[in-house]
Each structure stands twice: as C-alpha cells, then as structure tokens.
Amino acid sequence: MSLSALIFDVDGTLAETEEVHRRAFNEIFHEAGLDWHWSEDDYSRLLLTTGGKERMRAHRDAIGRDEPDDERLAALHIRKTARYGQIVHSGGLALRDGMGELISAAHRAGARLAVATTTSRGNVDALCQACLGKPAHELFEVIAAGDEVTRKKPAPDIYELALQRLDVSPERALAFEDTRNGLLSAKGAGLRVIASPSAYARNEDFREADWLVPDWSVKRLPAIVRALLGQPN
Ligand SMILES: [Mg+2]
C-alpha cells in the first residue's frame, strides 16, 4: 500500500539533541543545589528510560533516595525544558544530515507530516524554530508529544495517538526513529519503520526495523518514501 504520512521522532532523529539535554539537566541540577551530575556513561544508561521526569525519577531511585520528591522533580523538569530551549535558540543544535532536505521535499510533494515524541511540546517548538526556521505547527500537521500519553515509548501509545489525529491506518504511514525504544513503539502501533541510529544508540539492536540507514539523505531512503516524495528511483 502506498504511503500518505511520515511520522517523525524528535530527539536523535531530527537532530542529535541528547548532549544538549544532558547539559541542560546538569545545569539545572547545579542551579538547584543537587549533587547530581550525569556523565555520558550515566546518560547512556538513563536514556533507556524515556521522558525527562521519568529519567530523573529513575536516577533518584537508582541511588536509593526519596528526595527530590515527584512534585519537585516535575518543577525541575519545567526549568530544564526552559534551559534546553535557551541553549537551542542560541544555536547549539543542528539537524541531522539529510533531514532538512527530506522535510522540504515532503512539503513540496504534499505529504502529510507528523511528530510522535516523548519529549515535551516546548522542546519540539524550540527545535523547529531554531533548526527549521518555522514554528512546529507550520511544519507538522499533527504533533503528539510528551505527557499526552501516560505510557511512553517503547509503548505504542504516542504513535497510536498520532495515527488517530492523522486519521490514517498504520499501513499508510511510516515512522522515522533513532533508538530501539522508538522502533519498538512504532512497530507496536503497526507501522513500518526506517531507523537511523543516533550517537547514543549506535550499539542498540535494530533487527525489527524495515530499513536501516546511516543518515536521512533522500538518496538513501527506500523506494516507497522516494515515491511519496516524487523522487525518481
Ligand atoms: Mg529518539
């Protein structure tokens, strides 16, 4: 069946965001007087927990503490999202190779575009404005983000929400993902998945992916996507 919609993950898929997230977390931990500092190794492990609040909770529980409580973690997460936005707006992030060209080609071809992400809506807006020069809602017809579902990736809920808002069946959409959790989420919703591992996910298992590519260059995309984009094969 031919495609009508492309659904994108955000962190690691549109851009290599994770080092900016790690920096923002560490800065707000310091500012809040917490003795937490996440190294790259720490963050590789913590990324297996999706969602920022959930990730801080996982760290607190792993080090055997009761504090900060969930309410304070939620407040810290709001500050972290604001700090992340400041760093992104100041030019601290670039799209992954091929992604700008892919989104432009999809718009020209009249493809329907959506986002399905566990990151917060504020982070999606910051990234789109800084890296694509437009607000997220002008680039993506549907944005399913953050706390709109209770069960985060690898649960299929966020992709199911995006499909429901697009009003398309999973056979007519395709997901773009960079991690195993994201891949499993999209597959769980019945989507075909094209995966391109991001820096933190290079050693993960992508065996269920329908296609695996090193970057998002249009010339590397499978024929079914190129057909949607009106590109010759
Ligand atoms: Mg991702």
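All values below come from the heavy atoms of this structure, side chains included, with hydrogens, waters and symmetry mates left out. Quick caveat: nothing in here was measured; it's all calculated off a predicted structure. When a ligand or atom number is given, it counts from 1 through the structure's own listing order.
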- Item | Salt bridge present between E67 and R60 (N-O < 4.0 angstrom) | no

- Pair D125 + R121: basic N to acidic O under 4.0 Å: yes

- Would you confirm whether the ring centroid of H37 sits within less than 6.0 angstrom of the ring centroid of F29? no

- Message: Is the distance from the ring center of F25 to that of W36 below 6.0 Å?
- Response: no

- Passing option when K152 is tested against T117, T50, D147 for side-chain hydrogen bond (donor to acceptor under 3.5 Å, both in side chains): D147

- Item | Sidechain-backbone polar pair: R172 side chain, S2 backbone, donor-acceptor under 3.5 Å | yes

- Task: Spell out the protein N/O/S atoms under 2.8 Å from the Mg ion (ligand 1) as residue plus atom name.
- Result: D9 OD2, D11 O, D178 OD1

